[in-house]
Amino acid sequence: MLSLPRMLSTLSKHHPARRLPRSRATAAIALLASLIVAPLLTSTARATELVEIELSSPLVDTSAPGGEVRGGPRPLVVRVLLPDGYDRFRGRRYPVLWLLHGANEDPNRWDLEDFEGLDAILVMPEGGRLGMYTDWWNGGAFGTPQWATYLLEEVRRTIHERFRIRPERRWHAIAGISMGGQGALRFASLLPGYFGSVVALSSAFPNIQAPEVVAAIPAVTGVAYEDVWGPPDGAYATGMNPIALAPNLEHTRVYLLSGDGTNCPGDPPGPTFELDGLTEQLIRSQQAPYAAELRAAGASVATREPCGVHTFGVWRRAFRDVRATWGFFAPVRERPRAWTYRTASRAGEMWGLGFEFAEQPTELVEFRRNGSRLTASGSGTVTITGARGCRFTAELPFARRLPAGC
């Protein structure tokens, strides 16, 4: 068992993620519409196009704690890699793969050769140096940064407006490493009706309420855990915790990988490989319990436990394994008629139904759908909306038949 000082030292290198559309963030996107097209990213046989979009937003202040980005303060950037033939086949739509970077990194961190030949649109957004892929609690006032709302609402909307993406959830995948791995698990849990597959490599961590994670947050971010997720035993922290949201991924494919903390043969030991090894051991200790919760919920889960420390060598091999043995875009249930959705968010989207609470929930709420019947446990007043005129307001708990438009 690691001592707390050593654990904090270990954890201060990479880490957690977090999120949740508080929705009615009415702040308009300050769309700095500069499409900067990089000529040919390429191999001899392929000609792919890299597009960089400046997409800043009042939801993320890059000069404020939690919003900092590498080289900042500066405008936020989303990198989009378009597949070969995108401009030639103008009537064709493509799968989309989101890639979430780790702590102290940015969208330039990806080696695009790892995805060469993948006939899909790659979306590489910013998540901040230590933004945790979450809307920060900030004493319950939220405010900046709201990374989850920015990414899942503003960036997602912009990507769909500008690029030809297939609409079905089978064709929407998300992957991340370290802090980005946790972010990928959270985002897939918050939007299970959108993402069909999620790949989390060395996810740091699937259980953000574990004592060692709570103790490490000040060392990792320079701010109190409560600033990010509120009280560690509170509703908001629970509603942002991937392991607590495992039932949301019942109809989702999940790929989990963590190394064993020992350097793989042939991998050069980096200057921090001892700390990287300890970090990976701690991540490995959380992977099995999380996978068990996912399987109990009904998710399709693949786990990998190779040698390796917390480095890109392990992750690059993992991406090759995903492509060769698992696939980013395998079939999933498109519109299941029975599902469970847990949340502590003020607003969000569950399987095509929008929800918005009159006040921030003070406990974890659970919705269950079975055919035309929807039940909800917890407390508060919620308004449910759908795409075809569905709308009703109800006090929790309730059990009711959904209107036809839902």
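All residue numbers refer to positions in the sequence shown, counting from 1.
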Check: After noting the C-alpha distance and the side-chain angles of Arg284 and Asp260, does the key distance pass the side chain to side chain contact (heavy atoms under 4.5 Å, CB included) rule?
Finding: CA-CA 7 Å; Arg284 170 73 67 87; Asp260 65 359; 3.6 Å; yes

Note to self: Please evaluate residues Thr149 and Asp135 with respect to the criterion side chain to side chain donor-acceptor pair (under 3.5 Å), reporting the C-alpha separation (whole Å), side-chain torsions for both, the decisive distance (0.1 Å), and the verdict.
What the structure shows: CA-CA 7 Å; Thr149 299; Asp135 294 351; 2.6 Å; yes

Checklist line | Worked verdict on Phe142 versus Trp137 for ring-ring contact (aromatic ring centres under 6.0 Å, His included) | finding: CA-CA 5 Å; Phe142 292 93; Trp137 170 257; 5.7 Å; yes

Notebook entry, point to check: Can you check side chain to side chain contact (heavy atoms under 4.5 Å, CB included) on Leu130 and Glu68, steps first, answer last?
Noted result: CA-CA 7 Å; Leu130 291 165; Glu68 302 99 327; 6.0 Å; no

Next item on the list: Go through the steps to decide whether Trp136 and Gln146 satisfy the test side chain to side chain contact (heavy atoms under 4.5 Å, CB included), and finish with yes or no.
Entry: CA-CA 6 Å; Trp136 282 35; Gln146 294 184 49; over 6 Å; no

Next item on the list: Run the numbers on Thr262 and Val309 for side chain to side chain contact (heavy atoms under 4.5 Å, CB included), then give the verdict.
Entry: CA-CA 6 Å; Thr262 64; Val309 300; 5.9 Å; no

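Residues Phe163 and Val96 form no side-chain contact, since every pair of their non-hydrogen atoms from C-beta on lies 4.5 Å or further apart. Contact annotation: the side chain of Glu49 never approaches that of Leu81 to less than 4.5 Å [non-hydrogen atoms, C-beta and beyond]. Taking 4.5 Å as the limit, every side-chain heavy atom of His310 sits out of range of all side-chain heavy atoms of Leu278. In this structure, the side chains of Leu191 and Glu349 come closer than 4.5 Å at one or more pairs of heavy atoms. Within the 4.5 Å cutoff, no side-chain heavy atoms of Leu99 are placed close to those of Val123. Within the 4.5 Å cutoff, no side-chain heavy atoms of Phe392 are placed close to those of Thr383. Contact annotation: the side chain of Val69 never approaches that of Asp106 to less than 4.5 Å [non-hydrogen atoms, C-beta and beyond]. Residues Glu154 and Leu76 have side chains not in contact (no heavy-atom distance under 4.5 Å, counting atoms from C-beta outward).
Here the CZ atom belonging to Arg156 is positioned 10.5 Å from the CZ atom belonging to Phe187, to the nearest 0.5 angstrom. Trp315 contributes atom CH2, which lies 5.0 Å from atom OG of Ser178 (distance to the nearest 0.5 angstrom). Once rounded to the nearest 0.5 Å, the distance linking CZ of Arg295 with CG of Leu249 reads 13.0 Å. Remark: Ile177 CD1 to Phe319 CZ distance equals 6.5 Å, nearest 0.5 Å. Annotation: the span from Asn138 atom CG to Asp227 atom CG amounts to 6.0 Å, rounded to 0.5 Å. Remark: Leu118 CG to Leu112 CG distance equals 11.5 Å, nearest 0.5 Å.
Residue Ala297 comes nearest to Pro247 through the heavy atom pair CB-CA, 3.7 Å, listed as atom of the first residue, atom of the second, then distance. Gly308 and Cys264 get closest at one heavy-atom pair: N-SG, 3.3 Å. In terms of heavy-atom proximity, Ile121 sits nearest to Pro83 at CG1-CD, 3.9 Å. Contact record, Leu245 with Gly239: CD1-O, 3.2 Å, taken as the closest heavy-atom pair. When all heavy atoms of Ser377 and Val365 are compared, the closest pair comes out as O-CG1, 3.3 Å. When all heavy atoms are compared, the tightest approach of Gly386 to Leu353 is CA-CD2, 4.3 Å.
The number of heavy atoms from other shown groups lying within 6.0 Å of CG (Asp111) is above 12. Taking a 6.0 Å sphere around CZ of Arg400, one finds it holds more than 12 heavy atoms contributed by other residues, nucleotides or ligands. No more than 12 heavy atoms of other residues, nucleotides or ligands sit less than 6.0 Å from atom CZ of Arg391.
Donor-acceptor pairing under 3.5 Å is recorded for the side chains of Arg401 and Ser372. Between the side chains of Glu280 and Ser202, at least one donor N or O lies within less than 3.5 Å of an accepting N or O. There is a side-chain donor-acceptor pair under 3.5 Å between Gln287 and Ser258. Judged by distance alone, the side chains of Gln209 and Asn241 do bring a donor and an acceptor atom under 3.5 Å apart. With 3.5 Å as the limit, one finds a donor-acceptor pair spanning the side chains of Tyr255 and Asp321. Side chain to side chain, Asp276 and Thr311 fail the donor-acceptor criterion of an N or O pair below 3.5 Å. A donor atom on one side chain and an acceptor atom on the other are found under 3.5 Å apart for Arg169 and Thr252. Defined by atom type and a distance below 3.5 Å, a donor-acceptor pair is missing between the side-chain atoms of Arg368 and Thr375.
Each of Leu201, Val199, Leu294 was scored for a side chain to side chain contact (heavy atoms under 4.5 Å, CB included) with Leu256, with one residue passing: Leu294. Between Arg342 and the options Glu250, Glu366, Glu293, Glu363, a salt bridge (charged side-chain N to carboxylate O under 4.0 Å, His left out) holds for only Glu366.
Between Tyr86 and Tyr94, the angle of the ring planes lies from 30° to 60°, which puts this pair in the tilted group. Relative orientation of the Phe329 and Trp171 rings is tilted, given thresholds of 30° and 60° on the angle between their planes. Classified by interplanar angle (parallel below 30°, tilted 30° to 60°, perpendicular above 60°), the ring pair Phe357/Phe367 is tilted. Taking the six-membered ring for Trp and thresholds of 30 and 60 degrees, Phe195 and Trp98 have ring planes more than 60 degrees apart, a perpendicular arrangement.
A salt bridge links Arg70 with Glu105: at least one charged nitrogen is closer than 4.0 Å to a carboxylate oxygen. Under the 4.0 Å criterion applied to side-chain N and carboxylate O atoms, Arg317 and Asp267 are assigned as salt-bridge partners. A salt bridge is defined here as a Lys NZ or Arg NE, NH1 or NH2 lying under 4.0 Å from an Asp or Glu carboxylate O, and Arg74 with Glu126 meets this definition.
Distance alone, capped at 3.5 Å, is enough to place a donor-acceptor pair between the Arg346 side chain and the Ala358 backbone. Judged purely by atom type and a 3.5 angstrom limit, Ser203 has no side-chain atom pairing as donor or acceptor with the backbone of Ala200. Without hydrogens or angle criteria, His101 side chain to Gly127 main chain gives a donor-acceptor distance under 3.5 Å. Arg164 places a side-chain N or O within 3.5 Å of a backbone atom of Arg92 that can act as its donor or acceptor partner. For the pair Arg253 (side chain) and Gly327 (backbone), a donor-acceptor distance under 3.5 Å is present. No donor-acceptor distance shorter than 3.5 angstrom exists from the side chain of Trp326 to the backbone of Val254, with no hydrogens or angles considered. Counting only distance, with no hydrogens or angles, the side chain of Arg323 and the backbone of Asp114 share a donor-acceptor pair below 3.5 Å.
Between Trp351 and Tyr341, the gap from one ring centroid to the other reaches at least 6.0 Å. Between His172 and Tyr194, the ring centre distance stays below 6.0 Å.
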